[in-house]
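Here is the structure we will look at, set down as structure tokens.
Positions are given from 1 along the sequence.
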Amino acid sequence: MGTDSAAVHSVGISLVSLIFTAAVAIGQATIPLISEYAEERDTARIRRGIRAGTWLALAVVGFIGTAVIVCSAWVVPLFTSDPEVRPQITELLPWVLAVVVTDAAQAVVGFGLIGLKRTAPSFVTTAVCYGVLAAVAAPLATAGGLTALWAALALANSLQTAGKAYAFHRHSAYRPPAPRYAVEQPRVGKRKTR
């Protein structure tokens, strides 16, 4: 990879970071809701809350990412004036959208795990997925260029989403409390005498 590819990659990362802030804001807003529902052990409301947050984040991030693609003639020049780099950035934009959407999904579910006070699964999933990505990134970029690298990033985010969603589903499954049996009270009234 040369300097042009490095510049394209850098702009792509900048765009992901800017768009991703919406997903972070939505994800953080779910934490108090999920925490409250977890205290009540209300599985249905916990899951409904995280679904709503995830769909909202996907819609907002998807809309912003699509707008960047549609308006690329105006957006890309904000990042570079190099006429050789601009078309490469424009070609990368669909991958930027794929990465930021998959990143938004994993992030909201990760914030849901924070609301459940179960952060270890999120940490492990992120460490494994990004650890493997870090190990294969250089050879992958050398063999397949930026497209392969960004496809691998989208895949890593998708695998994180699956792992975190599994953990969230597992940890949000509260069992209803056991029924309370009535304790037999002593009878009040007249005692029978023999």
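Closest heavy-atom contact between Ile26 and Gly53: CG2-O, 3.4 Å. Residues Leu140 and Ala152 approach most closely at CD2-CB, 3.2 Å, considering heavy atoms. The two residues Ile19 and Gly65 have their closest heavy-atom pair at CD1-CA, 4.0 Å. The minimum heavy-atom distance linking Leu149 with Ala137 is given by the pair CD1-CB, 3.8 Å. Closest approach of Val100 and Val16 over heavy atoms only: CG2-O, 3.8 Å. The two atoms that bring Ala107 and Phe20 nearest to each other are CB-CZ, 3.6 Å, heavy atoms only.
Checked by atom type and distance alone, the side chain of Ser172 never pairs as donor or acceptor with a backbone atom of Thr43 at under 3.5 Å. A donor-acceptor pair under 3.5 Å is formed between the side chain of Thr90 and the backbone N or O of Arg86.
Applying the 6.0 Å contact sphere to NE2 of His169 captures no more than 12 heavy atoms from other residues, nucleotides or ligands.
Residue Val70 is not grouped with residue Val96 when hydrophobic side chains (ILVMFWY) are merged at heavy-atom distances under 4.5 angstrom, including chains of intermediate members. Cluster membership for Leu146 and Leu133, using ILVMFWY side-chain heavy atoms within less than 4.5 angstrom, is shared. Under the 4.5 Å side-chain contact rule for hydrophobic residues, Val136 and Trp150 do not share a cluster. At a threshold of 4.5 Å between side-chain heavy atoms, the hydrophobic network of Ile, Leu, Val, Met, Phe, Trp and Tyr places Leu78 and Leu15 in one connected group. Under the 4.5 Å side-chain heavy-atom criterion for grouping Ile, Leu, Val, Met, Phe, Trp and Tyr, Ile13 is connected to Trp95 within one hydrophobic cluster.
When side chains are defined from C-beta on, Thr119 does not count as touching Leu113, because their heavy atoms never get closer than 4.5 Å. Side-chain contact between Phe111 and Ile50 is absent, with no heavy atoms from C-beta onward closer than 4.5 Å.
Partners of Asp4 by salt bridge (Lys or Arg N to Asp or Glu O under 4.0 Å), not counting sequence neighbours: none found.
Considering OG1 of Thr21 and CD1 of Ile64, their distance stands at 7.0 Å, rounded to 0.5 Å. Note that the OG1 atom of Thr3 and the CD atom of Glu84 stand 9.0 Å from one another [nearest 0.5 Å]. For the atom pair CD1 (Ile46) and OG1 (Thr30), the distance works out to 11.5 Å, reported to the nearest 0.5 Å.
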Can you give me every donor-acceptor pair (side chain of residues 32-41, partner residue at least two apart or in another chain, under 3.5 Å) with its distance?
{"from": "Ser35", "atom 1": "OG", "to": "Ile31", "atom 2": "O", "distance (Å)": "3.0"}
{"from": "Ser35", "atom 1": "OG", "to": "Gly115", "atom 2": "O", "distance (Å)": "3.0"}
{"from": "Glu40", "atom 1": "OE1", "to": "Arg45", "atom 2": "NH1", "distance (Å)": "3.3"}

Counting only pairs under 3.5 Å, give me each side-chain donor-acceptor contact of residues 159-168, with atom names and distances, residues two or more places apart or in other chains.
{"from": "Gln160", "atom 1": "OE1", "to": "Thr126", "atom 2": "OG1", "distance (Å)": "2.7"}
{"from": "Gln160", "atom 1": "OE1", "to": "Lys164", "atom 2": "NZ", "distance (Å)": "3.3"}
{"from": "Gln160", "atom 1": "NE2", "to": "Tyr130", "atom 2": "OH", "distance (Å)": "3.4"}
{"from": "Gln160", "atom 1": "NE2", "to": "Asn157", "atom 2": "OD1", "distance (Å)": "3.4"}
{"from": "Thr161", "atom 1": "OG1", "to": "Thr102", "atom 2": "O", "distance (Å)": "3.4"}
{"from": "Thr161", "atom 1": "OG1", "to": "Gln106", "atom 2": "N", "distance (Å)": "3.2"}
{"from": "Thr161", "atom 1": "OG1", "to": "Asn157", "atom 2": "O", "distance (Å)": "2.9"}
{"from": "Lys164", "atom 1": "NZ", "to": "Gln106", "atom 2": "OE1", "distance (Å)": "2.4"}
{"from": "Lys164", "atom 1": "NZ", "to": "Ser122", "atom 2": "OG", "distance (Å)": "3.4"}
{"from": "Lys164", "atom 1": "NZ", "to": "Thr126", "atom 2": "OG1", "distance (Å)": "3.2"}

Please lay out, stage by stage, how Val11 and Leu92 fare under the test side-chain contact (heavy atoms from CB on, under 4.5 Å). CA-CA 10 Å; Val11 170; Leu92 187 66; over 6 Å; no

Intermediate values then yes/no, side-chain contact (heavy atoms from CB on, under 4.5 Å), Leu97 and Val68: CA-CA 9 Å; Leu97 177 61; Val68 168; over 6 Å; no

